[in-house]
Amino acid sequence: MNRDWTAIARTLSEALPYLQRFSGAVVVVKFGGNAMGDQDAMAEFARDIVLMRQVGLNPIVVHGGGPMINSMLDRLGIKSEFVRGKRVTDKATVEVVEMVLTGLVNKRIVQAIMDEGGRAVGLSGKDDDMMVCVADDPELGFVGRPVEMNVQVLRDLYNAGIIPVVAPVATGMAANETFNVNGDTAAGAIAGALKADRLLLLTDVSGVKDENGDVVTELTSEQVRQMTKAGVIAGGMIPKTETALEALEQGVRAVVILDGRVPNACLLELFTEHGAGSMIRSTEAKVAVRGHGT
């Protein structure tokens, strides 16, 4: 027992440089995947976010909710059409998307953060015209691509000690126009607009893997492009790395793709030398040791 408590104290002591490094930093966290549907995993994630806020970081949570949307569409008997394997988001579907994401999912996360002693406010990309979109692909209907970002409301919230929780639903250029935005895309756009220190993309995989199937812990943007061209980065990892590259171009300091199923994944990444998942930085960025030096 004494050794266990000593180990905890040592861990806290070793975290000091990282706590100092990230004090005041803006960290955008994309939350999604299987953890969203598990009550214990949700509580653990919320506890980590509250801890991040407590030690001086400014976390912003952006979430998805695909499985919940699919479930509600089935319950309402709304059939989906697909183009090239992607769901067409028509007017009826986007209404369900907005209802599920901004209502059910968003408020569950807000409540989980509040239950852990934090302060949180839920909002969507529509609020204060935070995220204005155009159609990403006209054939897919109301699937949006952000073209204008107004993120002062997020600064106002975190400067007041409040954790913003953002649903990826946005307004369009026309009146009464609503767009569904991919959660990773929304998180990247928000991180870019804020020039965030970190964008953490929580997924159901351990990170970017090389040709041998091993996780690459650190990559440059040029390495990502080369691995994509060679077919090493493929499938569902491509849109995530594309989001990372776009965020870096907009001024985000580093993007990390990590496994959200791992307990305390965000804390491992931010407050330990080992980190978690795959960190991507711009090719031009100064090379530094991962952790408080980056």
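As the structure is a prediction and not an experimental result, all values here were calculated from the model.
Looking at Asp90 and Thr93, their side chains do bring a donor and an acceptor atom within 3.5 Å of each other. Side-chain contact annotation: Asp48 with Asn264, donor-acceptor N/O pair under 3.5 Å present. For the 3.5 Å distance criterion, the side chains of Thr178 and Lys126 qualify, holding a donor opposite an acceptor.
Ring geometry for Phe45 versus Phe31: interplanar angle under 30°, hence parallel rather than tilted (30 to 60°).
Two residues are said to be in side-chain contact when any heavy atoms from C-beta on lie closer than 4.5 Å; Glu269 and Leu200 meet this criterion.
At least one donor-acceptor pair closer than 3.5 Å links the side chain of Glu177 to the backbone N or O of Met173. With Asp127 contributing its side chain and Ser124 its backbone, the two residues share a donor-acceptor pair below 3.5 Å. Of the possible polar contacts, one joining the Ser278 side chain to the Val216 backbone as a donor-acceptor pair under 3.5 Å is found. Asp128 places no side-chain N or O within 3.5 Å of a backbone atom of Val151 that could act as its donor or acceptor partner. Without hydrogens or angle criteria, Gln111 side chain to Arg108 main chain gives no donor-acceptor distance under 3.5 Å. Between the side chain of Lys107 and the backbone N or O of Thr102 there is no donor-acceptor pair closer than 3.5 Å.
Here Thr241 contributes atom OG1 and Leu201 contributes atom CG; the two are 10.0 Å apart, rounded to the nearest 0.5 Å. Atom NZ of Lys30 sits about 6.5 Å away from atom CG of Asn182, to the nearest 0.5 Å. The structure places CG of Leu219 at 10.5 Å from CD of Gln226, a figure rounded to the nearest 0.5 Å.
Under the 4.5 Å side-chain heavy-atom criterion for grouping Ile, Leu, Val, Met, Phe, Trp and Tyr, Met72 is connected to Val97 within one hydrophobic cluster. Tracing side-chain contacts under 4.5 Å through hydrophobic residues (I, L, V, M, F, W, Y), one reaches Val256 starting from Ile49; they form part of the same cluster. Under the 4.5 Å side-chain heavy-atom criterion for grouping Ile, Leu, Val, Met, Phe, Trp and Tyr, Val29 is connected to Leu270 within one hydrophobic cluster. A single hydrophobic cluster is not seen to contain both Val88 and Val94; linkage of ILVMFWY side chains at heavy-atom distances under 4.5 Å, directly or through other members, places them apart. Under a hydrophobic clustering in which Ile, Leu, Val, Met, Phe, Trp and Tyr are joined whenever their side-chain heavy atoms come within less than 4.5 Å, directly or via other members, Met279 and Val224 fall into different clusters.
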Open item on the list: Set out, in order, the CA-CA distance, both residues' side-chain angles and the distance that settles side chain to side chain contact (heavy atoms under 4.5 Å, CB included) for Phe142 and Asp136, then state yes or no.
Closed with: CA-CA 8 Å; Phe142 295 100; Asp136 190 41; over 6 Å; no

Open item on the list: Checking Asp156 against Gln152 for the side chain to side chain contact (heavy atoms under 4.5 Å, CB included) test, could you report, in this order, the C-alpha distance in whole Å, the side-chain angles of both residues, the deciding distance, and whether it holds?
Closed with: CA-CA 6 Å; Asp156 293 342; Gln152 185 58 45; 2.9 Å; yes

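The two atoms that bring Ile280 and Ile257 nearest to each other are CD1-CD1, 4.1 Å, heavy atoms only. The shortest non-hydrogen separation linking Leu258 to Ala276 is CB-O, 3.9 Å.
Within a 6.0 Å radius of CD in Glu222, more than 12 heavy atoms belonging to other residues, nucleotides or ligands are found.
Of the charged side-chain nitrogens involved, at least one lies within less than 4.0 Å of a carboxylate oxygen, so that Arg21 and Asp197 count as a salt-bridged pair.
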